[in-house]
Participant: 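Have a look at the structure that comes next, please.
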Amino acid sequence: MPKVTIDGIEIEVPDGTTILNAARMIGGKIVPPAMCYYSKLKTTGGYCRTCLVKVAQGSAKDPRPMPKLVVSCSTTVQDGMVVQNITSPEVLEARKGVVEFLLINHPLDCPICDQAGECKLQDLGYEHGLAKTRYEFPRRTFEKEDIGDKIKLHMTRCILCYRCVKVADQLTPKRVHGVMNRGDVAEISTYIKNNIDNDFSGNVIDVCPVGALTDKTSRFKSRIWYTKPMDAHRDCKKCCGKVVLWMKGEEILKVTARFDKNQEVEEFICNECRFEKKSPADWVIEHATHIDHHSVISANHYEHEEQLKLGKFTDHKMIDKAEPNLPKKK
């Protein structure tokens, strides 16, 4: 198996592994950001350019560096390859330019956007963005389009990552939306005003890295950091039935799939689980969802069973009401 060194850390990976996935095996800050690549979907990657890295040594057989920065999501590891990500000023400067380009037409909707707090573009903008834009021209706008009663499309927020198109291609029996037009006027749309409505169409919400596709059933109900995410499951004939319930008190505001450490969906869920099962009685609630402490969602977030029996306890004022006889974690 080939060995690759990323930011001074060597790892042995299976043949055919990309630089991005090799970095994910190591973990930590050396993992390049990715706005379009999705390991659960085929033919993704290569659109957003945020995962650019520098190959300082091509391989042990050919130690010459690659002349330009490469996208780590589609560049395969070679034995003896040496890669620089956060240790390369050239990479950081290029990533800063990519983020600035992504934000050129992106509206300042964060104060009203339902994706705020779990938006990958927010994280990128914080880490690599400028304090203010240098863009002096009017931002592009699009006519509002209704794509159904469950999913809200905000095309002005879209960064054209193509994830939602890949979901429709690979999970649903018939895709009715795609990328229309080219260049600066390209947009996600339905060619003949169709609704996006099938058993797995709601997964476009989970894979969208920004607030372009959001859940209409939970629109403007609460900020994400005021909710309590709980792992839950149910017997479902259409999907795995394993979800995260975003609760406020005993009310389920929204239902999403579960995410792995790379913030990718573990298993896609059906629309019945996502949109129709909004009562705690519909679910077997397992435990509080683990939230990385770097996330704003972790604010006021408790993962102790004594404090979260059935997700009833929403803030520190209610901790004293927790069930006293619950078994403690060892």
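Position 1 is the first residue of the sequence; numbering continues from there.
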Participant: Answer yes or no: is there a side-chain heavy-atom contact under 4.5 Å between I11 and V4?
Facilitator: yes
Participant: I'd like to know if the side chain of T18 pairs up with that of N21 as donor and acceptor (distance under 3.5 Å, no hydrogens or angles considered).
Facilitator: yes
Participant: Take C158 and V210 through the side-chain contact (heavy atoms from CB on, under 4.5 Å) test and state the conclusion after the steps.
Facilitator: CA-CA 7 Å; C158 180; V210 293; 5.6 Å; no
Participant: With a 3.5 Å distance limit and no angle check, can you tell me whether H106 reaches the backbone of R157 through a side-chain donor-acceptor pair?
Facilitator: yes
Participant: Find out whether M81 and M66 are in side-chain contact, i.e. whether some heavy atom of one side chain is under 4.5 Å from a heavy atom of the other.
Facilitator: yes
Participant: What's the verdict on side-chain contact (heavy atoms from CB on, under 4.5 Å) for D114 and R219, showing C-alpha distance, side-chain angles and the deciding distance?
Facilitator: CA-CA 7 Å; D114 283 319; R219 187 168 167 79; 3.7 Å; yes
Participant: Ignoring hydrogens and angles, tell me if any N or O in the side chain of R95 forms a donor-acceptor pair with the backbone of L52 under 3.5 Å.
Facilitator: yes
Participant: Testing V55, T76, N85 one by one against I19 for a side chain to side chain contact (heavy atoms under 4.5 Å, CB included), which residue passes?
Facilitator: V55
Participant: Under 3.5 Å, is there a donor-acceptor pair between the side chain of T289 and the main chain of D231?
Facilitator: yes
Participant: Closer than 4.0 angstrom, basic N to acidic O: yes or no for K238 and E267?
Facilitator: no
Participant: Under the ring-ring contact (aromatic ring centres under 6.0 Å, His included) rule, collect the residues that match up with F137, sequence neighbours excluded.
Facilitator: Y135
Participant: Does V13 reach the side chain of P2, with side-chain heavy atoms less than 4.5 Å apart?
Facilitator: yes
Participant: Please check: side-chain N/O of R175 versus main-chain N/O of A168, any donor-acceptor pairing under 3.5 Å?
Facilitator: no
Participant: Within the structure provided, determine whether V255 and K277 are in side-chain contact (heavy-atom separation under 4.5 Å).
Facilitator: no
Participant: Given the rule in the salt bridge (Lys or Arg N to Asp or Glu O under 4.0 Å) test, do R234 and E272 qualify, once you have shown the distances and angles that lead to the verdict?
Facilitator: CA-CA 11 Å; R234 61 180 289 267; E272 181 182 352; 3.7 Å; yes
Participant: Should R140 and V185 count as side-chain neighbours, where that means a heavy-atom distance under 4.5 Å?
Facilitator: no
Participant: May I ask you to decide if E264's main-chain N or O and D260's side chain share a donor-acceptor pair within less than 3.5 Å?
Facilitator: yes
Participant: If you define the side chain from C-beta out and look only at heavy atoms, does anything of P173 sit under 4.5 Å from F200?
Facilitator: no
Participant: May I have the step-by-step check of side-chain contact (heavy atoms from CB on, under 4.5 Å) for V77 and K3, ending in yes or no?
Facilitator: CA-CA 8 Å; V77 164; K3 292 183 179 179; over 6 Å; no
Participant: Looking only at atom types and distance, does a side-chain atom of S72 sit under 3.5 Å from a main-chain N or O of C51, one as donor and one as acceptor?
Facilitator: yes
Participant: When you check the gap from the basic side-chain N to the acidic O, do R182 and E187 get nearer than 4.0 Å?
Facilitator: no
Participant: Which pairs pass ring-ring contact (aromatic ring centres under 6.0 Å, His included) with one or both residues in residues 27-62, sequence neighbours excluded?
Facilitator: Y47-Y162
Participant: Scan E276, K278, R274, K254 and name whichever one has a side-chain hydrogen bond (donor to acceptor under 3.5 Å, both in side chains) with T217.
Facilitator: K278
Participant: Within the side chain of R49, is there an N or O that forms a donor-acceptor pair under 3.5 Å with the backbone of G46?
Facilitator: yes
Participant: Checking N105 side chain against R139 main chain: does a donor-acceptor pair fall under 3.5 Å?
Facilitator: no
Participant: Tell me whether D215 is salt-bridged to K221, with the criterion being a basic N under 4.0 Å from an acidic carboxylate O.
Facilitator: no
Participant: Output yes when a side-chain donor or acceptor of S59 lies under 3.5 Å from a complementary backbone atom of D62, and no otherwise.
Facilitator: yes
Participant: With the threshold set at 4.0 Å, does a side-chain nitrogen-carboxylate oxygen contact exist between E266 and K242?
Facilitator: no
Participant: Report the C-alpha separation of M35 and L121 in whole Å, then their side-chain angles, then the decisive distance to 0.1 Å, and conclude whether the side-chain contact (heavy atoms from CB on, under 4.5 Å) test is met.
Facilitator: CA-CA 8 Å; M35 300 292 284; L121 193 58; 4.0 Å; yes
Participant: Quickly, which of D206, L245, N203, I205 forms a side chain to side chain contact (heavy atoms under 4.5 Å, CB included) with T256? Name it, please.
Facilitator: D206
Participant: Without swapping roles, check the side chain of R258 against the backbone of V243 for a donor-acceptor pair under 3.5 Å.
Facilitator: yes
Participant: Does any pair with a residue in residues 6-17 pass side-chain hydrogen bond (donor to acceptor under 3.5 Å, both in side chains), and if so which ones, sequence neighbours excluded?
Facilitator: D7-T87
